[in-house]
Amino acid sequence: MTKSLGFKAAALVLSLGLTACGGPGVGKLTVLLESEDTITSGLQAGAAVENIKDGWKADYSKFIVAIGDIEVFLSTNKAIHTHADDVFVVDLKTVPASGLPLWNLNDLQAGSWDFNYATPGAADGATKHESVTQADFDAMKAADATYLIAGTLTKADGRSCPPASLAMPGAKTSTGMNAAGVACYTNTSVAFSFTVGAETTYGPCEVDEMPGFSITRDATQTVTATLHGDHLFFNGFPEGAEGGVTRLAQWLADCDLNLDGTVTKAELEAITPSMLSELDTRYQLGGSPITPVDNMWTYVRAQLKTQGHMNGEGECPIDGTPHMH
Amino acid sequence: MAVCCTLCVCAISAPAQAQAPARTAAPEVIERVDAVYPPQALEQRLEGTATLKVTIEADGRVGDIDVVESAGSLLDDAATKAMRQWRFQPATRGGEPTAAIVRVPFRFDLPAVERLDAGAPPPLDAGVAAPDAGGVSESAIDVTVRGERKLRNEDRGSSTFTVAKPVLEAAPRQEGAEVLRTVPGLYIARSEGLAVGHRYMLRGFDADHGQDIQFTVGGLPINQPSHLHGQGYADLGFLISESVEELTALEGVYDPRQGDFAVAGSIDVRLGMEQRGWAAKSSYGAFNSFRQLVSWAPEGQPNGTFGAAQYTRTDGFGQNRQGEAASAIIQAVLGTTGAWRHRLLGILYGARGSHAGVVRQDDVAAGRIGFYDVYPLATAQAQNALSGRIMLGLFSEYRGAEGSNAEAGVWLGLDDFRVQQNFTGFTQRSQALLNVAGRGDLIEQQNRTLSLGLMGRYRTRPYRPASWATANVELGLSGRVDSIDQAQNLLDAVVRRQTWDRRVDASVFGADVGFYGDVEWRLTKYLNVRVGARADVLYYDVNDRLGNFVPSVRPPDTFIVGYRRSALGLAAGPRASVEVKPIEGLSLRAAYGEGYRSPQARILDDGEAAPFSKVRSADLGVRIGRDDRLQITASGYFTHLSDDVAFDAEDGRLERIGQTRRVGAVVHAQTRPLAWLVGALSVTYVHAQLLERPPGSAQDPQPPYQPGQSLPYVPPVVVRADLGAKPTLVPHLWRWDLVGRAGVGFSYLSPRPLPYGAFADHVALADASVGLTWGPLDLGFEVYNLFNTRYAATELNFPSSWNPEGVRTRTPERHLIAGSPLSWWLTLGVSL
Amino acid sequence: MRRSLFAVLLAACVDTGQEPVSFAMRVAGTAPAAPAPALNGWEITLDSARLAFGPLYLCPGFQAGSLCDTARAEWVDSAVVDVLDPATYDAGTVEGSTGPVRSWMFDYGVVSLLTQQQPVALAAAQRLDGNSLRLSGSARKGGRELPFALDVRIQQVVEGGASIVRKSDTDTFSHDLAVGDTALTVRFDARPWLRDVDFDALVEMGTCASVARPKVCAGDLELSCSDTGVELSQRSCTAERLVCLRGLGCTDRVRFQAGSQGDQAVRNALTGGTRPAFEWTTQGDVP
């Protein structure tokens, strides 16, 4: 009888063990919006790699973006995907360092997921975030813009050297010429304010060469969509590790054609890259996501399209994944 | 593990009985050695009496031995081997020592539990003694060898293969791990020098360095989880072929004892040395190669008790292939008669070797580089590896009443590994240093693992609900913890191997706790059913010190680089097998099981439920054969993997490729038509398919895919043949027999697909050996790659850029690592 | 390497999902049907346009560059393209494997190697004396004609080791490489390349009084001026079959220097401007 009991007890343990295992389960994803320090603190002039090398300091007063359209795909089965369509218009200047939770996706199967998001135009159903004024929101919607970026370049001995054929110095007197022989004018503070359409999809994103994020059973995972604020000043369109990029801002100061201390969309549209002597051989347009780069407004749009990242420095290919909804 | 089928007890039923004429005295036994019940005979349930006619020389030494009543070659051999070690007080005639003949019947009895219808043990044969014509007295000594029941039945499904010593030593082996080639469907190749583990392929799996095969040696687990050089990295370079007594390969996942990495199957290496006493072997061979072996196997102790040490060095068959290695294995079996038996095992290994790395096939074809050469660049010539390992184990077995039994063991391992190798030439740029690139992709991987493990199991005594049915339940557990430190850097070979980029700097603490249960039903003598299940809980704590790395071109950190995370997951699955034996010598078998492969820890995210690769495998087959004269196994198999991986040479890591399926068949024949002749042949076919489009990535969002396309690296056909002969050429030449030896081994791999639509060439290799043994002296000559075939030990297809002055190529190109051309070894051995 | 018949038969049973492909790399130009427009009403007629092209990589991903470490197909050579000649001619062979290609990247005969500090001129660029493009022609406006010559070297300055010109997101490019592909023709059109060249900046209608320079152009007249702005003499450049260029006076033609506006305009046009056409030829296509 002892034998029988021992056998049955062991068999019971075995059968219990067999039934103890369940499926993978589901979890949640919260997507936060995060802004790089260059947006909140600006870019300093200096010689360090992250500084603006030509002496300008850049500060943003607004860095409003329309962002959303989160789409995630189960890595092992791309047919399983879900999305959060919400598009928010948010000023990245006010995003807390801990990130701004804006999107939630529930009931994601446990496992690895690919992460994609977008910076679409604001006209179609975007939601105003409290960080954005109604006026700015309306301006974004009216222009179906992706970004409303305002800021100032400052440099103690700053000057603008607009293309001679387009320059409207008025009564201002040239204070010399730049290396290309273009007349320059004192301009120690150059403001800019762009309401830009630069619709872009980002993804699938990778961090440390590992794609996306993972969902665990009954847990909430977080992912951040991070926007960088220094690409506007890159001297090209590098990919991946951003290569040997240099940050320069003189080109933007030179776009102040009328030398009123403010660069406008109209001024940028009037300037072709070839007219801007500052965009010399240090610059390279070959990787621009928009071609042809027929004027500096296009150039700005192209640079802004490269700003999307994930979890800080994670890389996100742009406009590579057609949305499935 | 196979340890539970290796033990046996011998007893002499009666002392030498002398019926001598006047003034003659029969020889008397002064040292007897127990015969070992061959595990293969136990497995095949062979029993019977092998009666030997033995000449006892005038000096008391055992002379000629003739088998006058055969019990099959396995048992005959076991009896003969034991007999050879006996020593006698010689017979005397008129007070003078004289030769005599004795008849010694060795009775091999299976344990009762192995025979459902077992009755009382048969009576012992009585010896018959009669003087022979030459006036030499003949007396009889009865010996009964009681086969000890195996602690558990390892035989699951039709794809369980046990390869015994005669087959293992039939063909020549350059190194210990090559004994694995006798396993049906397995191919091994050494391509990264003497200090890096082999690459393995097993019935449809490119197991890389071991990710799909669970290896154990003497109960010690060899695979290393989350090893930087490859998940489940298993370096068997420490093996000494002379110390390998038997291999048991379970292809598929059908035994609940199979744990992590048992995807294609598991292979257990049982250690032991039949030849007792001291032995030394010196070998010299092509390419200034040298090998020295010293072994010691104390007389009168079980085969499992031995010590062996080996040193090997070579200049290598081509440029940059020199290497040195040393290993020592010591094992002691304690307590051979009581309920408890203990086994202590220690393994020590160290190796360092250069290696030539890859060469591009187009460079070879264009004559830009020789097939056996290394690129004439510092970054290529600097390739080398270093490996060191120590493992210690203590295993105890308990034999209880009525067949209940238990095992328990603890083991400890410390492994150090470092490789510096360059697969891709000049394609890397530094992420840590601004504008630093093109210094050569000499990647250094360093991995150090400290492991501690335990195992235990208990098997109940039989439960007999009916006279025709018995059942045993077995519950077991295995556990291990691993503390792993790993780093990967890019080195500049030109300037004292300066580090010019850091890629990995991590510590991993992992734990694996596995439980299993198994019920074995024997329903009449015709049907055997086993049902079980296994569950493993795996835990990881990862300190990724370069996690969230900020490239040098980005603004300064707003955080401290690093990413620490933990994960825990459960992998569970059933295992079942059925064996039907309608008639003696015919066994029909079916099996199904689900296993897993653990993930590389560094790919895990925080809280992730360790995404295991789940494998489902099934076998259906037949085994025919009553004894070892001829055994044929034919089996069809199916394997489905939920989330397979394939080696990506560019990143030097395994990349996910999605669901895969393997359907195939294996035919294995093993024969021993004569006591001195043994042969084995296996043919394995597999159709290995990718069942879905591989996951897209930013680099390749729509990887090309044809439904049912073949898996890369998997050869559809693998053939292996071993043939060995060991005849006595001149009996009793002076004091000893002159025994000849000849062996041939042949391996064939069909062309195998490579990534990106390329094919690797087939491989056909033949090895041969001849030798002579005369008493304590042994002389051997071995030739490897007999036909001097130019073949690649490894072929890969990936982009590389090996011309630092040329335009970078980015399309994949076939790369190969040369296999050895014809080589030879001359060996002189002395045993005492 | 020789294979046994058995081995070949075995290989034939295995579908690897991809197959090697190899097809002709062809290059071609575009015959200018009419003078090309440039800034401020100038019209350009090209006499010669020779472009160093290559290497070219066809990539599986939507973005090339660093996401194209493994290309689907490549042509790692270079060729000089007569951009004014619409005839196609073979420049070598593209090697790769079947599958989708969604982006491309290439250089203009000068490549950046990870292993070299400075970009390297390939054979085609060497034939152009180390340049990527050698142009000559004339610009006309209102009866004035400015012959010009331009050498441009386009080399990587931002990302060492990367190709300079990459498919943008607004470029349309998609093809599935198949065994039946017989040729890829990359066709260049030089007409847009000088569109942003400011020829007005090269000429002037000045006087010695208005321009403080020893030589001042008044249309095609070269005026020699004193330091005090007095015209000393006149010279008709036209009479000598020369042109008068701002700051230079009479000269035979405009020679755009590296870093000049013309050089910059052409460089930008070649890297960030209009893209060449990619034309596929597959088996069965009518040549």
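Protein chains get the first letters and strands the later ones, always in sequence-line order, with residue 1 at the start of each.
Between chain C and the options A:Pro163, A:Gly287, A:Pro292, A:Gly286, the largest number of non-hydrogen pairs under 4.5 Å is found for A:Gly286. In terms of heavy-atom pairs under 4.5 angstrom with chain A, the leader among C:Asp198, C:Val157, C:Ile154 is C:Val157. Ranked by non-hydrogen atom pairs under 4.5 Å with chain A, the options C:Arg166, C:Arg195, C:Arg275, C:Lys167 are led by C:Arg166.
With a threshold of 4.5 angstrom between heavy atoms, C:Ala64 approaches chain A through N, CA, C or O but not through any side-chain atom. Contact of A:Tyr299 with chain C is not made at all, since no heavy-atom distance falls under 4.5 Å. Residue contact with chain C, scored on non-hydrogen atoms closer than 4.5 Å, involves the backbone and the side chain of A:Thr281 alike. Residue contact with chain A, scored on non-hydrogen atoms closer than 4.5 Å, involves the backbone and the side chain of C:Gln156 alike. Interface remark: C:Arg102 contributes no atoms to any contact with chain A (heavy atom separation under 4.5 Å).
Of the possible polar contacts, none joining the C:Gln264 side chain to the A:Met275 backbone as a donor-acceptor pair under 3.5 Å is found. The backbone N or O of A:Ser274 sits nowhere less than 3.5 Å from a side-chain atom of C:Arg267 that would complete a donor-acceptor pair. A donor-acceptor contact shorter than 3.5 Å is absent between the side chain of C:Gln261 and the backbone of A:Ser277. Without hydrogens or angle criteria, C:Thr170 side chain to A:Thr291 main chain gives a donor-acceptor distance under 3.5 Å.
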Full working for side chain to side chain contact (heavy atoms under 4.5 Å, CB included) between C:Asp200 and A:Ser165: CA-CA 9 Å; C:Asp200 272 358; A:Ser165 59; over 6 Å; no

Chi angles and distances behind the side chain to side chain contact (heavy atoms under 4.5 Å, CB included) call for A:Ile318, C:Asp169: CA-CA 8 Å; A:Ile318 60 177; C:Asp169 304 319; 3.4 Å; yes

Residues C:Val158, A:Asn235; criterion side chain to side chain contact (heavy atoms under 4.5 Å, CB included); working and verdict: CA-CA 7 Å; C:Val158 178; A:Asn235 63 331; 3.8 Å; yes

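Within a 6.0 Å sphere centred on CD of C:Glu279, other residues, nucleotides and ligands contribute more than 12 heavy atoms. Within a 6.0 Å sphere centred on CE of A:Met168, heavy atoms belonging to other residues, nucleotides or ligands number more than 12.
Side chains of C:Asn268 and A:Pro273 form a contact here, defined as non-hydrogen atoms less than 4.5 Å apart.
Distance check: A:Tyr283 OH to C:Thr271 OG1 gives 13.5 Å after rounding to the nearest 0.5 Å.
The residue from A:Asp294, A:Asn295, A:Thr272 that alone fulfils the side-chain contact (heavy atoms from CB on, under 4.5 Å) condition with C:Asp196 is A:Thr272.
Between C:Ser168 and A:Ser288, the shortest heavy-atom distance links the atoms CB-O, 2.9 Å.
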